[in-house]
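These notes are about the structure you will find just below.
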Amino acid sequence: MSSEQVKVPMDKAWRPQDVEPELYRSWEEAGLFVAHADRPRPKFSIVLPPPNVTGELHLGHAVSGTIQDVYCRYRRMLGFEVLWLPGTDHAAIGTQNVIERELAKEGRTKEELGRAAFQKLVDEWYRTYGNRIVEQYKRLGATLDWTRLRFTMDPAYIRSVREAFVRLYNDGLIYRGPRIVNWCPHCRSSISDLEVDWREHEDTLYYIRYDMADGDGALVVATVRPETMLADSGVAVNPNDARYRSFIGRRAFLPLVGRELPVVGDEYVKSDFGTGALKVTPGHDPNDYEIGQRHGLAIYTAIDKDRNIVNEPWVPDELRTRDALTARARIVEMLRDRDHLVKTEPYTHEVGHCDRCGEIIEPLVDEQWWCHMPPLRDPAVEVVTEGKTRFVPERYTKVYLDWMANLRDWNISRQLWLGHAVPVYYCDNKADHGGQTYTFASVEEPKACPQCGNQKLRPDPDVLDTWFSSALWPYATMGWPDETDDLRTFFPTDVLSTAREIIFLWVARMLMTSLRFMDDIPFRTVLIHAVIQDPQGQRMSKSKGNGVDPLEMIDLYGADAVRAYGAEVGMRGQDVRFDESKIEAYQRFANKLWNMARLVLGSAEGVATRPIEEIQASELDPAERWALSRLDAAIERATSDIESFRPGDAISGLRYFAWDETADWYLEAVKPSFRLQPTDPARVRAASVGMHLIRQLALLLHPFMPFLTEALWLKLPGGDQPIQAPREETIWPVPAGRRDEALEAHMGVLFEVVTRIRDAAKGLDAAAADTVMISAKRVAADPSAELLDSDYGRELVARLARVEFSDAAPAARTLVVGGLEILVGARAAAPSDHAALEREVNATRAKIDTLEQRLAKEEFVSKAKPEVVQRVRDDLSAARERLAILEDAFSRA
RNA sequence: GGUCGGCUAGCUCAGUUGGUUAGAGCGCUCGGUUCACAUCCGAGAGGUCAGGGGUUCAAGUCCCUUGCCGACCACCA
């Protein structure tokens with residue numbers, strides 16, 4: 001460890017903004033996050049879901065990043081060799097759109113620039129923004145291994161993508177062919193079904209009459225897109241629809257075009273929608289395409305890739321090359337003129353949009369590259385069904401499996417200006433290839449046709465869907481297809497933490513490709529984190545402007561506070577509304593811890609503290625034993641919460657232990673010992689226990705709040721190495737066998753006594769009387785009374801409740817806690833609070849009543865578990881004793 | 001249309017396999033110059049657990065049903 005330790009002055013308040021960047025730098029310089037494949041330790045690995053290279057850290061990244069970091073830090077503390085691998089995604093279609101929008105602001109287009117200049121601009125963007133998000137993850141405190149930073153457009157990654165394509169191609173799973181696709185006229189590319197965003201539109205439904213070719217009758221069809229009728233190749237009716245059965249097998253006459261359309265019977269047609277007759281346009285509607293396939297209908301294309309009407313002979317002259325929208329209006333006019341328009345009505349329906357640019361999707365038939373899914377899918381279904389890969393929360397298993405069951409072939413080609421090129425080449429030297437163009441896929445860029453040696457090869461013009469390349473992320477980043485040390489050591493990864501919206505786009509596809517190429521699952525556990533909505537429950541989005549910038553939150557409250565909040569809500573399994581006050585609360589918690597440490601460290605100054613293991617329970621006073629017992633409980637809970645992917649419960653529980661139990665009860669209880677002479681055994685004990693508690697708290701909280709805890713750790717004895725430094729043995733706390741539940745119960749009663757006295761003394765005129773006095777006597781068998789009745793217990797109660805013991809306190813209030821009757825009063829006479837006593841008597845009677853009724857029920861006693869019945873009996877007898885004391889006090893008062 | 005989730009204190013949310021008096025943070029009220037901390041300390045008020053029905057000795061928790069909110073999938077022209 002070569003780096004200088006960061007010295008943080010013990011000022012009154014914890015100032016994260018001053019300390020965090022410096023600490024992070026020191027960690028990075030010390031190489032704490034660099035994974036070493038050759039270290040002989042158990043391994044733990046996560047790959048960071050690669051954010052878009054042009055992106056910025058948003059709240060979702062912060063939450064997911066925090067969760068991943070919690071697990072990486074936790075595993076390092078357990079002695080694991082941890083790899084958390086970072087990287088960014090080129091996000092072809094997204095990046096292209098972002099840059100195009102920037103160009104548009106200057107009134108320019110990418111077409112003006114040309115391909116080469118545009119590519120230069122893109123590279124510039126990658127350089128500029130690729131590092132921005134890296135810096136932002138550092139602000140969060142993410143222990144990513146920056147020496148392994150990857151980008152999906154790195155040369156090595158490009159090779160992995162080509163390799164994957166070529167293998168699938170050679171295995172016959174990738175093919176090229178004409179099929180109906182979602183075409184985005186703006187992006188001038190196809191997009192996959194998953195990238196279509198459906199939005200509600202108010203349109204008009206047009207009813208159009210198609211006369212029968214034989215002159216006998218007509219069919220009326222309904223459509224919102226009359227312009228597509230030009231490409232109609234049939235009319236479909238439901239074969240069970242009595243109205244139309246006689247039409248099946250005959251021909252209808254397509255208005256304006258004059259084409260004869262076969263009438264087919266197809267179950268797909270809903271008799272109760274529209275007229276029950278459907279115009280079939282296989283070239284421009286996915287469902288019609290399916291119908292067309294079933295009945296062998298012709299495919300016509302009427303609308304081209306720029307959404308213009310095509311220049312075909314069968315298109316009426318005046319419509320040709322018009323844009324489709326004005327063509328629609330004209331077609332409606334023409335139909336009306338020729339009396340083919342039966343009626344129109346307003347119609348609300350969902351229309352597909354490109355989820356990147358917002359353009360309305362144009363379904364059309366096009367030559368595209370497809371990936372055949374079933375052979376990839378089946379193993380990926382199996383591993384999840386068998387639980388080899390597990391979703392947390394578990395319900396996403398069903399979401400995943402349901403989607404997988406209905407997988408269709410994946411359109412993997414895009415017609416964009418940037419992205420991974422489809423590694424396919426064409427040799428047009430047909431003479432040497434039996435009169436055909438020879439097509440082949442190649443990982444390396446081929447210099448010549450492998451068959452005929454022709455050097456003039458034509459590369460395929462398409463690029464690949466971004467998700468095709470990110471589907472390889474967990475192993476391509478580790479060097480696949482080479483058999484690298486990283487792959488051998490860190491693959492499969494342990495955890496994938498991601499947003500649920502990309503379960504299909506990304507998670508499913510990683511599972512499928514990994515099983516194909518690595519013959520193994522890519523990750524064991526998939527954590528689907530919560531979505532943080534705005535305070536009104538709306539989804540945060542750039543366009544709405546309701547987003548919360550995590551960096552702004554870090555500036556305000558510190559990374560520790562933002563992380564603790566993220567860890568608390570991130571894995572609850574439920575979406576949450578953003579609540580800034582919770583981040584603020586964690587900032588105050590950080591400050592609280594800081595001050596607890598200041599108190600304890602101050603108390604230990606000049607004291608020869610002893611290792612806690614050497615201190616026998618018999619040497620400790622009850623509060624100290626209690627604190628160590630609670631510590632064991634806290635360790636056990638936190639560990640199991642983290643292990644079972646409930647980091648929120650872990651951080652909440654630790655906050656409770658630190659603040660309520662350690663600070664408010666324990667430290668207050670032992671404070672006097674802190675003021676004894678440094679050599680006083682009680683001072684040594686208290687300081688030793690205090691240091692131990694701070695040390696353990698720093699370790700337990702470190703995965704969540706790494707900066708503050710590290711700053712504290714470095715001040716503690718033995719804290720000469722950073723918490724994340726590699727160690728032989730585990731540094732994560734383990735229970736020390738000091739749990740003492742009987743003592744916890746007794747101290748619990750003592751604390752309750754304190755609280756009750758504080759409450760009772762509140763109404764007394766202590767100022768006039770100078771001091772509030774109490775007297776206590778044991779009036780019933782209660783094991784807790786012994787501790788309370790001891791000198792130790794009396795002193796503690798008196799001090800914490802700020803009262804004095806007296807055998808003759810004027811009783812203004814009578815309290816019954818456990819088996820003790822406690823009289824609370826002022827030194828001067830105070831009027832007895834009859835009303836309070838009476839309320840308590842009544843409440844106790846009511847409780848006795850309830851319990852008696854339960855026990856009176858035959859069925860309860862016979863059917864309930866014995867321990868439940870016994871508990872009710874115990875409660876009843878305790879309540880009766882209590883009532884007796886209260887009534888006695890009441891009669892005396 | 002289908003699937004899934006939610007409805008618990010003024011607000012944001014916990015509530016493990018059904019079992020004492022349903023919890024936390026924030027907010028609120030009252031009281032505190034306690035020598036670690038006012039980014040604090042102490043005490044308190046506040047909930048017919050969305051409505052209805054059922055199972056059970058016992059339901060916030062299990063089942064049915066209604067309502068409202070949300071997500072995802074599908075895409076009826």
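Computed from a prediction, not measured in an experiment: that's the story for all the values here. Below, read A as the first sequence line, B as the second, and so on, with proteins coming before strands; counting in each chain starts at 1.
Set against A36(B), A74(B), G44(B), the side chain of Glu350(A) has A74(B) as its closest nucleotide. Nearest nucleotide to the Arg395(A) side chain, out of A43(B), C4(B), C72(B): C4(B).
Between Thr275(A) and A77(B), a side-chain N or O to OP1/OP2 separation shorter than 4.0 Å is absent. Contact annotation: Arg802(A) does not reach the phosphate of G31(B) (side-chain N/O to OP1 or OP2, under 4.0 Å). Applying the 4.0 Å criterion to OP1 and OP2 of C4(B), one finds that Tyr396(A) has every side-chain N and O outside that range.
Judged by atom type and distance alone, Gln574(A) does not reach the base of A14(B) through any side-chain donor-acceptor pair under 3.5 Å. A donor-acceptor contact under 3.5 Å links the side chain of Lys592(A) to the base of C37(B).
Atoms CG (Asp759(A)) and P (A45(B)) sit 8 Å apart, rounded to a whole Å. Summarising the geometry, the separation between CD on Glu867(A) and P on C57(B) is reported as 17 Å, rounded to the nearest angstrom.
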If a protein heavy atom is under 4.0 Å from the base, mark B; if only from the sugar-phosphate, S; if neither, -; do that for nucleotides 17-29 of chain B going 5' to 3'. --BBB---SS---
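Ring-plane geometry between His349(A) and His201(A) is classed as perpendicular, the angle between the planes exceeding 60 degrees on a 0 to 90 degree scale with a lower cut at 30.
Look at the C1' atom in both C26(B) and G46(B): the space between them is 14 Å, to the nearest Å.
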